[in-house]
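Read the structure below first, then the notes.
Only this structure's heavy atoms are used, side chains among them; waters, hydrogens and symmetry mates stay out. Keep in mind the model is a prediction, meaning the values are calculated, not measured.
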Amino acid sequence: MTYFENENTIGDISEPLLAQKVETKQTGLGHATFLSKLIFSWVNSLLRLGYSKPLDLEDIPSLVSEDEADMAYQKFVRAWESLVRDKTKNNTKSLVLWSIIRTFLKENILIAFYALIRTISAVVSPLILYAFVNYSNRTEADLKQGLSIVGILILTKLVDSLSQRHWFFNSRRSGMKMRSALMVAIYQKQLKLSSSARTRHSAGEIVNYIVVDAYRMGEFPWWFHMAWASALQIVLSIFILFGVVGIGALPGLVPLLICGLLNVPFARILQNCQSQFMISQDERLRSTSEVLNSMKIIKLQSWEKKFKNLIESLRDKEFVWLYKAQILRASSSFLYWMSPTVISAVVFLGCAVSKSAPLNAETVFTVLATLRNMGEPFKLIPEALSIMIQVKVSFDRLNNFLLDEEINNDDGERSLKQFSVNAMEIQDGNFIWDHESVSPTLRDVNIEIRRGQKIAVCGPVGAGKSSLLYSILGEIPKISGTVNVGGTLAYVSQSSWIQSGTVQDNILFGKTMDKTRYEKAIKACALDKDINDFSHGDLTEIGQRGINISGGQKQRIQLARAVYNDADIYLLDDPFSAVDAHTAAILFNDCVMNALREKTVILVTHQVEFLSEVDTILVMEGGRVIQSGSYENILTSGTAFELLVSAHKDKVTELNRDSENRGGYENEVLPNPQDSHGFHLTKNKSEGEISSIKDPIGTQLTQEEEKVIGNVGWKPFWDYINYSKGTSMLCLIMLAQSGFMALQTSSTYWLAIGIEIPKVTNTTLIGVYALISFSSAAFVYLRSYLTALLGLKASTAIFSSFTTAIFNAPMLFFDSTPVGRILTRASSDLSILDFDIPYSITFVASTAIEILVVICIMVSVTWQVLIVAVPVMVASIYVQQYYQAAARELIRINGTTKAPVMNFAAETSLGVVTVRAFNMVDRFFKNYLKLVDTDASLFFHSNVAMQWMVLRIEALQNLTVITAALLLILHPQGYVSPGLVGLSLSYAFSLTGAQVFWTRWFNNLSNYIISVERIKQFIHIPAEPPAIVDNNRPPYSWPSKGKIDLQGLEIRYRPNAPLVLKGITCTFQEGSRVGVVGRTGSGKSTLISALFRLVEPSKGDILIDGINICSIGLKDLRTKLSIIPQEPTLFKGSIRTNLDPLGLYSDDEIWKAVEKCQLKETISKLPSLLDSSVSDEGGNWSLGQRQLFCLGRVLLKRNRILVLDEATASIDSATDAILQRVIRQEFEECTVITVAHRVPTVIDSDMVLVLSYGKLVEYDEPSKLMDTNSSFSKLVAEYWSSCRKNSLPNISRQQQ
């Protein structure tokens, strides 16, 4: 029956992980016999394997087909669609709930049957106890009767055990199917969401729907059946009480009701605390995720303290609710232990007063056993109710999401008509993003595009160029008009969207590999050189969001994806902004004009130099196409287009003048086009490069997530205790528990002995019992209260160390660690620390003491029990360890399969436009199904392994109980008094439950402890240098001049990695403008990173105004430098908080800065002015506008040194000219360092620094470099020749 007959199924190593999963054999459940299903032995082979070696993902069998996500989802969708059809407009409530009920009703009826049998067999046990005590009172022995009672005991224990195990197993299995169905439904829905619905549900929220709301369903059926079965158990127990003591039980109902009703407000308040806690936690996680995604800019601006305080203040809000919830829990546990004592005392009183039943051993111990039976249900009902309420909230959230607006495919009427000539046409198109806004985003669009035409779309920032592409893709809601598209589409988005996976996966994008086409696509997109430089070629892993490749590489991989896809119509949204001018020229010529020469291409671009090559130019402004026609026609008609071109022309003419005297050289440059690929090194590693990390084995950048294998032992547990300095508290908790057990036991012992002594009156009997019991409750309260405090102290200490460690981590850590990995520690691992660990520690400790006490009592009555009890204990521990070996790894692997589900959903959410454009929805959907099934398979096998173990431990412990019962029957008459028989058995009956409870919590604790270990991995990351070095602070006015000296600067990213900057020595004079140029990957960005110490020099020094920057604190350094980074980053909040996060400037100063960076007009139109909102990552502002915000930040800071990291990448030439002018005026006195992709940006600098392969090749004035045969003049020539070829003839014609 093993599923590992073929060990070599693991497939070719290079296959993606998911593909291997298919090879594993199906789970043993599929072909198990009846007996094997009954006692779960079909999982033996997995446990055996887990005991022999740590399990891997490949070892986990796949689910049977009926449990797979696809099947569950199909059933769910059928139910959902029929309900949606039947519903009336106003009644859309709880459709998700009803669909779930329709889909899973049948299997839950069976589960209900198991639960019913279990409840009945549990309720019967006090009656069996009654029979035993009764039997021991007999005068003449009747062995037959005694043995028949033992027989009944064996039968009920067997039924009880088996039915409960199958109830738990099947309810979780059903929950797993519900969970899968909903996760898939959410994912499917996000692929269809309309643009306005996408603004209502951010990527983070959608991930939350999957991870929080859908996940809750995994436990929902279990709690649901638990709730009604518990209620039934209480009702039946009350009947038995009346059966045994008659009318005397009536007074007992009063405290029973009171305690029951007291539970309700407790549950309510607890529920409220938890939901408030969830709300604050969501808010903290949103901020955390935003901070982690923007860590680079936070470090550059030295805003760590501000954002760390923000996250800590959000955590404090959350902590208030956590504190309330934990203290409440302590009080409710006091209530739980108090109620049986009160009720039993009142029932005994009732009996004594009403004389309805004698207070003898039978009555007393039956009553105690019955009440003990009711304890657990009483405790579970409020918890079950609160979980039901949470589930209801989740159902409502999902309902709201699944009913939200979908993209209307027929509405785009992207009727794929095969036109004879036209590839695409829009007639009278009016489109609007946001139905609330007054004017449409695009107005009166009329376009006809013929097959094979090349169309350029240009216009100022915010003119609606990207929206035009969206209208063709059918992403933007149409008010009127028609859109016809004749053929398949490929789309390249403006901000690149890259999946985590290999470079090859990203380019193939689900198509089959066609070697020649693949090579062509790579070559056309100038990727061949990059790929050769990557450590694993095109099989190099790209991190989350393409974190470890440069902006230019991301953009080119996107382009290659589109080219390989071989569509009819190409929509390219400003694809050249992230690459240098020379690469842009290559991409334009090789890719757009050559590789796509047969295709229809619509290109949004800011690069004016390419416009003369295209067939038609559309000039847009304010959402309208204001001009269209060929380059010559539009140029002569003047207006907006003229502005764009003339801004560009000014630059090119400067180049032209510099180059006049060396007329003939453009011919030298271009005869060898194949050489033009020669400089595509990879971009440098400040943007997390892969290329040069060629370790001997070539490790990938994003390392596999660490998971510790094998038994971690008790170390993390002691770490947890030590963090909260809680050793003394732990001892106190143990003492309190021991005190409680001692008093509890002595109170029942008193009853057993007191009954036999004639002199003791009923009043004394009950009085002493009540007194001892009540005093025990105080100890329980103490125990719970201390537990809560221990947990809160540990949470506080661990959270603050974790946050500090993350904020102090060097940039390299963020480049090589996916954000999801840090977030899971800040969310799920932390909430385990908050809620689960403290209680499980107490449960494990206290139940262990309880089990010892029970065995001692049984031994004190019949010592022979030891003969069975000891071997049973040993066997139980063995079974548990056998199970633990496999279970531990199952839980751990489950920890690593949950993240891909989240990441994949989040990734799809960000790239949904691309996925839809390429028509890849089905493929993404199938991949997601595989991920969900992998995750579910681990949940399923953890669940079944748990039932396997509990079943076996119950069987073993039942042996002890049955032995004790048998011994009491076989002992000669009167050998043991009825009181002690009752005592021994009433404790014996609770033994099995206690042992199972202990095992369950011990396993939980060892799983929870893994969270401590995971958080600890991140607490110990090496920190970056200190923010402030106290004894070496620079003077306040530093840098007063702004002179920068680089002396023999060498940089490497990791201790053994190759050098990225190789001994650079030069001086930037104060107040000079220095341009840094070089091919992609020459080390430009690394130079900037070194200046800001995002990476520390391995040799050499950087001096600013004579102070070595490595000797001062990071904060002192970074606050004195300004930067406009390559990727503009905004934070959720208002315009004001984005321009001035630290709140240092007045409104007046901010308005001045806004005016200078050309945003005043836009902002003053907004109703809330500076307090207008900025959405997640600045999504509601265009890329160009975000760049202007970054300029605004710099204008406010007014530092002596300004770094521009090619800030003009996503801005049109006209805005760019304004920007350059503003920078020139405002930073006249300052040292300005510009890292340029476009040569004109640096042509008017005082000095130009040329880098190549990390070495300094030239450093001189641009005019001098132009006069020699320098690398710089070659770069200029390449740029100039590409411009001249594209646009200069026309410009010179204009000048004559």
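- Scanning both residues, L765 and I755, for their nearest heavy atoms gives CD1-N, 4.1 Å.
- Checked by atom type and distance alone, the side chain of T761 pairs as donor or acceptor with a backbone atom of T764 at under 3.5 Å.
- Here the closest heavy-atom approach between residue I111 and residue H225 is recorded as CG2-CD2, 3.5 Å.
- Counting heavy-atom neighbours within 6.0 Å of M734 CE, excluding the residue itself, gives a total of 12 or less.
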Task: Derivation and outcome, side chain to side chain contact (heavy atoms under 4.5 Å, CB included), residues E219 and I387 - done: CA-CA 9 Å; E219 298 288 323; I387 286 193; 6.0 Å; no
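- No hydrogens or angles considered: nothing links the side chains of S876 and Q995 as a donor-acceptor pair under 3.5 Å.
- In this structure the side chain of F348 never reaches within 4.5 angstrom of the side chain of T363, judged on heavy atoms.
- Looking at S161, its side chain never comes within 3.5 Å of a backbone N or O of L158 through a donor-acceptor pair.
- Residues passing the ring pair (Phe, Tyr, Trp, His ring centres under 6.0 Å) test with Y839: none are found, sequence neighbours excluded.
- Under the 4.5 Å side-chain criterion, counting only non-hydrogen atoms from C-beta, Q864 is in contact with H971.
- Between atom CD1 of residue I766 and atom OG of residue S773 there is a gap of 12.0 Å, rounded to the nearest 0.5 Å.
- For Y769, the OH atom is densely surrounded, since the number of other residues' heavy atoms within 6.0 Å is greater than 12.
- Going from atom CG of L751 over to atom CZ of F365 covers 6.0 Å, rounded to the nearest 0.5 Å.
- Figure legend: R165 and Y114 shown without cation-pi pairing, the cationic atom not lying both under 6.0 angstrom from the six-membered ring centre and within 45 degrees of its axis.
- Ring to ring, F40 and H166 are close: their centroids are under 6.0 angstrom apart.
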Does the pair R372 and L368 meet the rule for a side chain to side chain contact (heavy atoms under 4.5 Å, CB included), with working shown?
CA-CA 6 Å; R372 189 174 281 154; L368 285 180; 6.0 Å; no
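- Side-chain polar atoms of Y883 and T999 form no donor-acceptor pair below 3.5 angstrom.
- Side chains of L116 and L232 form a contact here, defined as non-hydrogen atoms less than 4.5 Å apart.
- Checking side-chain atoms of N958 against main-chain N and O of E954 turns up a donor-acceptor pair under 3.5 Å.
- Scanning both residues, R118 and W167, for their nearest heavy atoms gives CG-CZ3, 3.7 Å.
- Inter-residue side-chain proximity for V391 and W223 is flagged as unmet; no heavy-atom pair is nearer than 4.5 Å.
- Closest approach of S840 to Y1008, counting heavy atoms only: OG-CD1, 3.5 Å.
- For the pair Q737 and F779, the minimum side-chain heavy-atom distance is 4.5 Å or more.
- The main-chain N or O of P838 is never found under 3.5 Å from a side-chain atom of T787 such that the two would form a donor-acceptor pair.
- Residues Q957 and M873 have side chains in contact (heavy-atom distance under 4.5 Å, counting atoms from C-beta outward).
- In this structure, CG on L257 lies 9.0 Å from CD1 on I343, to the nearest 0.5 angstrom.
- With values rounded to the nearest 0.5 angstrom, N170 atom CG is found 10.5 Å from M176 atom CE.
- Of the inter-residue distances, the one linking T366 atom OG1 with I128 atom CD1 reads 11.5 Å to the nearest 0.5 angstrom.
- Looking only at distances, a side-chain donor or acceptor of S784 sits under 3.5 Å from a matching main-chain atom of V780.
- Looking only at distances, a side-chain donor or acceptor of N108 sits under 3.5 Å from a matching main-chain atom of F104.
- Residues M949 and N1003 are in side-chain contact: their nearest non-hydrogen atoms beyond the backbone lie under 4.5 Å apart.
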* Step-by-step side chain to side chain contact (heavy atoms under 4.5 Å, CB included) determination, S41 to R952 -> CA-CA 10 Å; S41 57; R952 279 146 187 75; 4.1 Å; yes
* Under the side chain to side chain contact (heavy atoms under 4.5 Å, CB included) criterion, do S136 and L968 qualify, and how do the steps go? -> CA-CA 8 Å; S136 67; L968 290 171; over 6 Å; no
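- Atom CG of residue L250 and atom CG of residue L256 lie 11.5 Å apart, to the nearest 0.5 angstrom.
- One N or O on the side chain of W998 and one on the backbone of V844 form a donor-acceptor pair closer than 3.5 Å.
- The number of heavy-atom neighbours closer than 6.0 Å to CG of L38, taken from other residues, nucleotides and ligands shown, is above 12.
- Looking at residues two or more places apart in sequence or on another chain, you find a ring pair (Phe, Tyr, Trp, His ring centres under 6.0 Å) between W222 and F168.
- Residues S125 and T156 have side chains not in contact (no heavy-atom distance under 4.5 Å, counting atoms from C-beta outward).
- Of the N and O atoms on the side chains of N373 and T370, not one donor lies less than 3.5 Å from an acceptor on the other residue.
- The minimum heavy-atom distance linking T745 with T748 is given by the pair O-OG1, 2.9 Å.
- Annotation for L743 and I772: closest pair O-CG2, 3.3 Å, computed over non-hydrogen atoms.
- In this structure, Y781 has its ring center under 6.0 Å from that of F334.
- Only one option out of V981, L985, L980 pairs with L983 in a side chain to side chain contact (heavy atoms under 4.5 Å, CB included); it is L980.
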